[in-house]
Every structure is written in C-alpha cells, then in structure tokens.
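What follows is a short report on a single structure.
Convention: sequence-line order gives letters A, B, ...; per-chain numbering from 1.
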Number of protein chains: 2
Amino acid sequence: MKQAKISEAVVKRLPVYLQVLNELQFRDILTISSQALGMKLDLNPAQIRKDLAYFGEFGRKGIGYDVAYLSEKIREILKVDRKINVALVGAGNLGHALCNYNRYSKDSMKITAVFDTNPTKIDTKINHLLVLPITELKHKINEQDIKIGIITVPAPEAQKVANQFVEAGVKGILNFAPTVIRVPEEVRIHHADFTKELLSLAYYLHREGEESDESIVD
Amino acid sequence: MKQAKISEAVVKRLPVYLQVLNELQFRDILTISSQALGMKLDLNPAQIRKDLAYFGEFGRKGIGYDVAYLSEKIREILKVDRKINVALVGAGNLGHALCNYNRYSKDSMKITAVFDTNPTKIDTKINHLLVLPITELKHKINEQDIKIGIITVPAPEAQKVANQFVEAGVKGILNFAPTVIRVPEEVRIHHADFTKELLSLAYYLHREGEESDESIVD
DNA sequence: TAGATTGTTAATCGATTAACAATC
DNA sequence: TAGATTGTTAATCGATTAACAATC
C-alpha cells in the first residue's frame, strides 16, 4: 500500500463512490467496472481507477471491483468504519432536520450532543436527544470524545460557536451558516452552504430575450 | 466587456465574494482590495482579480474595489439582481428549514411553491406557504414561471421528483437527497449533499495511536 | 484462448499563482 | 510625487485523461 499526498478532490469523490456502491449492494449487484461506475457518475473511468489506486489495489483485472469489498475499503479509508460521535449547535429547523435524520454512513456517524443558547429550547427533546445549554459544550465534548462539530446557528453567531468548538478540542467542523468562518490551521472546516449552490444555479439559467453567456467575444 | 468560457470554480466563488461584500457593507466598509479579500477567504489575491476580470473591470488601480458597486455587479452576473421564484418538493424537516429561512440573496430568490405527496402534509402551512399536492407541480411551475427546483425528499424518491421538475420545465435543480440523480444535459443539477462533506471530514481526522496519512511512503 | 478491465505511466488540459506595466 | 493596487500576461502547478502492458 502506497501513500502519496491525496488531493481534496479525490477525498470528496470517495463518499460519492460509496453512495453508488451502497445502492448497488442494495440491488444485489456484486461487481462493477470503472467504466460502468463512470457512466453512472459522469466521471472518467480512468479517474475513478486512479482515485482508488491511491489507497490500494481493490479491483481485479478483467473483472472490475467487488461492490461489497470496495465499499468496505472506502469506509476504512474515510475512517467511517467505526463509531464517530458528532456535536451540533443550533436547535433550529435545520438542526432538527439533521438530528432527525441522524443516520450518516450506515449509523457510523451519529449526532450525540445538541446545544443551543435559547432557554426556551434547552431541555426540549429532538429525537431522543436532549438539547443542552451551550455552557455544557466543553464538558460533553470531552466526555463523549467528540472530534466533529456541526454549526447550524444564524450567521452572526457562527464564528463564536466555531471558537468554542475549537477550544473544546473539536478537529473538524461542518458549517451550515452562510458566512465565512476562520479556524486554526490544524482544524478542518467544511462548508455545507447551499446558498452558494443556489446562487450559482441562477448563473446558469438562460432566460429568453437575453444574450447567451456562452458566446465567446473578444 | 469580454466573455470567455467561465469555469465552474470561478462561478462558485462569486457567491462567496458576495457574502463577504455584504458583510463589509453591513459594517460600513466602503472599499476593499483583492489583497484584503484574499486574506479573509484564504484565497490568492491574483485569483480574485482574475475571477472578477472575466466579467469586467470593477476595480480602481491604487484603490481597490468599491464594496457596494462590486456587490451590485456580482449580483448582476449571477442574475440574482431580479426576483426568482423557486419550487421545493419535500415538506419534511429540511424542507421546513429552507422555507422558514427563505431569504436567499437579499430576498431576490424566494421559495414560492411547496409540494409533498403525503396527504397529512398537504394543505398545512409553512411560513405562509400552503403545501400543495405534487399533482399541482406542473401547473404551479408554469403559472409562477419557476425555473429552479429544490429536492428535499428521501433518496429513493429524488430521481422521480427530478423527472417531474424537468418535465415541468425547470432548468436548474438543487438536490439535497444523498443520492445521484441524472437529468438531461440542458438541465443543471447542483448537489447540496452534506453527507459528502461530513464523511470527507472524517478522513481528515487524525486520531492518536494511528499512523499519519500525511507520511509519504513509496 | 479472446475479451475485458485493472493499475499506472505519460500526455494533456486547465486552473492557480507570480510578476509587472498601467494608473489611481 | 510615492505608494498602492488593479488588470493581464506568462510561468507554474496540479488534476484529468489517454494509452497500454499486465492479467483475470
């Protein structure tokens, strides 16, 4: 097994592969080629093979990839082959949605602690989870050995929550607030900002009566 | 004004610029340099200047960019300088969250039609919006000239909803379901899949007692 | 065996960054 | 004017794709 510097683009494709593999497994499909996988995902087969080859030799020449085996291997690579506790701050609508779903990657990741500042929300229950005051954050995060935090508070509060997460020892943050957040270098921050996706969608809408943006003019 | 083929990476950075500019405007900051903007976003200043230069000359040498003017210009580029109606299918927790927020890009984008298949949800109200039966989809989408659709149904139903959107004339889809969806070439699909972000976050977590993945071994 | 498909190297393509003349 | 900063070209870097020997 060889290890090289793996680009973020590669890592972000792994969950997508996993998603398709899970679907195939559900449909009792045992084997898939990079070709077929590429078709499903609009991805170049060579890219898929190369992505996987960074982590090992998972396929069989002439045959393709064993769906169950590859799925298992990708889970190992992503380190979601074990239980991971996650904390969430912000028991609003979005927080509720995430807690109610709460079956991330075959239950390996679970939101196990929810916090809010609003006294009317504290001590209410979301799907068997008690909403705790934010003052409990550090204590609970230590107790449950939590390394991942989710932020679902309004934008103006997001940075403060991020700071508290970092202070408590969280190493990865998923931010849903539509704002830029700064964290120390050693902490990883991912943005789940659908505003970005929504606005960029508007860019690609070509309405009648307008010049096309596709035209190349110098 | 010159037009060249604009890469998706560039387009997806525009909403991020917009976000920061809005924040600056709120704080009554009138001007910002690519340098300062780059600091805020961990982006190379040259990249920011180049991104903007694709669309026109918005800055002033020696001065920087006028915050209000650039913000306005980016809104024009993204075409969110006008009212855009959006449809949403799936009045679950996530759908609720999106409808309750419903102030995307300074109110220019608004969810104006919500659908569900579940009879117990139909005719309920979410933030002044009546949940309609999915059978009304095509009619309402035509009536309101909707070109963007949001999918917040469970994964197994997502493809079906996408097909209905396409059939109704929707040109851009934002999919929140953690599954791969296929649409015709002329329809644009963006994924707001936080599962991807969450799983890839786990990859970057370095737990004690494990070899580092950063080491380069041949 | 013949056909299929991997893992991997080399070639290509595209995106990011550095550098700098123009100019506020 | 001197200092700052843009817009843009050229250089660099990295990611994607093509091609193919190895082999199931």
- Note on the structure: Taken to the nearest whole Å, OH/Tyr54(B) to P/dT9(D) is 11 Å
- Message: I need the CD1-P distance between Ile63(B) and dG7(D), as an integer number of Å.
- Response: 12 Å
- Task: Check each of Thr117(A), Val114(A), Asp116(A), Ile134(A) against Val89(A) using the side-chain contact (heavy atoms from CB on, under 4.5 Å) test, and report the only one that passes.
- Result: Ile134(A)
- Query: Can a side chain N or O of Gln47(A) be found less than 4.0 Å away from OP1 or OP2 on dT16(D)?
  - Reply: yes
- Pair Ser105(A), Arg75(A): side-chain N/O donor-acceptor within cut-off below 3.5 Å: yes
- Item | Rounded interatomic separation in angstrom, taking CZ from Phe58(A) and P from dG7(C) | 9 Å
- Taking only N and O in the side chain of Ser34(B), is any of them less than 4.0 Å away from OP1 or OP2 of dT5(D)? no
- Item | Atom-to-atom span, CD of Gln35(B) to P of dC20(C) - whole angstrom | 17 Å
- Note on the structure: Among the nucleotides dT6(C), dT6(D), dA19(C), whichever has the atom closest to the side chain of Ser33(A) is dT6(C)
- Message: Is it the case that the ring center of Phe58(B) lies less than 6.0 angstrom away from the ring center of Phe55(B)?
- Response: no
- Taking atom types as modelled and ignoring hydrogens, do the side chains of Asp51(A) and Tyr17(A) form a donor-acceptor contact shorter than 3.5 angstrom? yes
- Does dG14(D) have OP1 or OP2 sitting under 4.0 Å from an N or O in the side chain of Ser7(A)? no
- Note on the structure: Atom CG of Leu37(A) and atom P of dT5(C) are separated, to the nearest Å, by 13 Å
- Query: If you write DNA chain C from 5' to 3' in dot-bracket form, with Watson-Crick or G-U pairs under 3.5 Å, [ ] for crossing pairs and | for pairs with another strand, what do you get?
  - Reply: ..||||||||||||||||||||||
- Message: Distance check needed: dT8(D) P versus Lys50(B) NZ, whole Å only.
- Response: 10 Å
- Donor + acceptor pair across side chains of Gln159(A), Asn163(A) (<3.5 Å): yes
- Arg13(A) has a side chain; which of dA18(D), dT16(D), dG7(D) sits nearest to it? dT16(D)
- Tyr203(A) ring centre to Lys79(B) NZ or CZ under 6.0 Å, with the angle to the axis within 45°? yes
- Task: Report yes if a side-chain nitrogen or oxygen of Tyr65(B) is closer than 4.0 Å to either non-bridging phosphate oxygen (OP1 or OP2) of dG7(D); otherwise report no.
- Result: yes
- May I ask you to evaluate whether Arg49(B) reaches the phosphate of dT6(D), defined as a side-chain N or O under 4.0 Å from OP1 or OP2? yes
- Item | Where Val166(B) and Pro184(B) come nearest, the two heavy atoms and their spacing | CG1-CG, 3.7 Å
- Message: Rounding to an integer number of Å, can you tell me how far Leu41(A) CG sits from dT16(D) P?
- Response: 14 Å
- Heavy atoms under 4.0 Å, any strand shown: does Arg60(B) hit a base, just sugar-phosphate, or nothing? sugar-phosphate
- note: Asn44(B), atom CG; dC13(D), atom P; distance rounded to Å ~ 13 Å
